[in-house]
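In what follows, a single structure is set out as structure tokens and then discussed.
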Amino acid sequence: MKVKVIPVLEDNYMYLVIEEHTREAVAVDVAVAKRLLEIAGREGMSLTAVLTTHHHWDHAHGNELTQLHPGLAVMGADERISALTRKLAHGEELQFGAIHVRCLLTPGHTSGHMSYFLWEDECLDPPAFFSGDALSVAGCSWHLEGNMQQMYQSLAEILGTLPPQMKVFCGHEHTLSNLEFAHKVEPCSDHVKAKLSWAKKRDEDDMPTVPSTLGEEFLYNPFLRCAPSPPEESVQEFTGRTAPAEVLEVLCGERAAFQHAAEPLQLQVPALLALHWGLLGEPGQK
């Protein structure tokens, strides 16, 4: 089983999971159909299905490719997913050739967020986990449609029980910013410092930082380091809380504030001008 990492849009990733003997592939989070089909065609792959983690356009807009591939299954857990043909349930298992898929509902970012655990029998490669926006390298989405208890359960009870050698393929390239925040949370952590130095080099070379492994994430991802009960002492100290869900809630608020403070004013000006010129709708309009 091989995973093809495909950067798209500003910072998204979509993926092709390939059964190497047959060249059949499962697509994950198709944001841009044309680019995915170009790569699949160039490398001689045939698409068997599309797995979508959640309904947001930057993960599902490319599901329009079903217009070019009638009969192609588009699967996910949320009826809001574009072109959905099959709604999945938590714990459901699928098989595409030699590739097995376990569907794991991970609400928080959206109420219908589904993550996917993939493996191939008699394969030496570790399993792959496609986390969408439920988990990213050194972070997770702090924009929530669900509630904090749901998010904590997704991180601690679903993700936290998976094998540590599992490779994590997330939905966005937010690693550098995530690690800068992780360094603020745990400034004395050697694991955070080492990963941050590595991520800066990858950023300079314009290279992806995916995948990580789940075992690595527990060393430097503050959102997973609040998942044990009780949370890591350094994370408790940063948040001033001890209950895991409360620690997570403070982390999400602090992460959002950290991101807003880091955004330069000049990046906001074009959007304001576009709004003034009528190129963008008023807030809340889609």
Side-chain angles (χ1 to χ4, degrees), residues 53-56 59 76-78 80 88-91 102-117 129-164 166 168-172 174-175 177-189 191-192 195 212-262:
T53 60
H54 61 292
H55 72 282
H56 291 164
H59 294 258
D78 195 322
R80 295 172 292 179
L88 301 171
H90 175 67
R102 183 175 300 134
C103 305
L104 299 172
L105 193 64
T106 48
H109 179 62
T110 68
S111 58
H113 193 291
M114 185 74 83
S115 299
Y116 301 99
F117 179 82
F129 185 70
F130 296 89
S131 60
D133 287 351
L135 181 72
S136 55
V137 181
C140 68
S141 175
W142 63 94
H143 301 288
L144 302 182
E145 182 180 271
N147 59 55
M148 201 58 59
Q149 188 61 37
Q150 285 180 319
M151 184 178 180
Y152 173 73
Q153 290 172 341
S154 294
L155 292 173
E157 299 176 13
I158 303 298
L159 304 185
T161 61
L162 296 172
M166 173 188 78
V168 178
F169 295 90
C170 60
H172 291 272
H174 291 166
T175 303
S177 178
N178 285 343
L179 283 163
E180 288 170 345
F181 175 70
H183 185 256
K184 179 181 178 181
V185 176
E186 297 185 280
C188 297
S189 169
H191 296 295
V192 172
K195 190 70 175 180
S212 60
T213 69
L214 184 62
E216 292 170 352
E217 292 297 324
F218 274 105
L219 297 176
Y220 51 67
N221 188 327
F223 296 91
L224 280 182
R225 288 172 63 73
C226 75
S229 187
E232 296 290 341
E233 287 187 10
S234 52
V235 181
Q236 288 186 48
E237 291 174 5
F238 176 79
T239 60
R241 301 289 191 277
T242 57
E246 292 179 6
V247 171
L248 183 59
E249 184 172 16
V250 173
L251 281 176
C252 287
E254 290 289 335
R255 181 64 179 91
F258 181 85
Q259 184 68 24
H260 294 152

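Bear in mind that the values here come from a model prediction, so they are computed numbers and not experimental data. Just the heavy atoms: all of them, side chains too, but no hydrogens, waters or symmetry mates, feed the values below.
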What I'd like to find out is whether the side chain of [X] reaches to under 4.5 Å of the side chain of [Y], using heavy atoms alone.
X	Y	value
R241	C226	no
E254	F181	yes
V137	Y220	yes
M151	S141	no

- Query: Which one of T106, L104, T53 satisfies the side-chain contact (heavy atoms from CB on, under 4.5 Å) criterion with Y116?
  - Reply: T53
Which distance, rounded to the nearest 0.5 Å, do you find between the [atom1] of [X] and the [atom2] of [Y]?
X	Y	atom1	atom2	value
I158	L105	CD1	CG	8.0 Å
M148	L251	CE	CG	9.5 Å
E246	Q149	CD	CD	10.0 Å
F129	L214	CZ	CG	8.0 Å
R255	F223	CZ	CZ	6.5 Å
L224	L135	CG	CG	5.0 Å

- What do the steps show when you test H59 against D133 for side-chain contact (heavy atoms from CB on, under 4.5 Å), and what is the final call? CA-CA 9 Å; H59 294 258; D133 287 351; 3.3 Å; yes
Backbone N/O of [Y] and side chain of [X]: donor-acceptor pair under 3.5 Å:
X	Y	result
Q236	P231	yes
H260	A256	yes
Q153	Q150	no
T213	E216	yes

So which atom in [X] and which in [Y] form the shortest heavy-atom distance, rounded to 0.1 Å?
X	Y	value
L162	F117	CD2-CD1, 4.3 Å
E217	S212	OE2-OG, 2.7 Å
P222	A138	CD-O, 3.7 Å
R225	V235	CB-CG2, 4.0 Å
H55	T110	CE1-CG2, 3.9 Å
G112	A77	O-CB, 3.6 Å

- Task: Considering only NZ, NE, NH1 and NH2 on the basic side and carboxylate oxygens on the acidic side, decide whether E186 and K195 come within less than 4.0 Å.
- Result: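 Not counted as a salt bridge, because no side-chain N and carboxylate O are separated by less than 4.0 Å.
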- Are side-chain N/O atoms of S111 and E145 paired as donor and acceptor at under 3.5 Å? yes
- Query: S136 and N178: side-chain donor and acceptor closer than 3.5 Å?
  - Reply: yes
- Query: Angle class for the H109/H54 ring planes (parallel below 30°, perpendicular above 60°, tilted otherwise)?
  - Reply: perpendicular
- Not counting sequence neighbours, which residues clear side-chain hydrogen bond (donor to acceptor under 3.5 Å, both in side chains) with T175? List them please.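 T175: side-chain hydrogen bond (donor to acceptor under 3.5 Å, both in side chains) contacts with E173, T209.
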- Query: Between H56 and H113, is the ring centre distance below 6.0 Å?
  - Reply: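 Centroid separation for H56 and H113: 6.0 Å or greater.
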- Would you please name every residue forming a ring-ring contact (aromatic ring centres under 6.0 Å, His included) with F169, sequence neighbours left out? Y15, F130
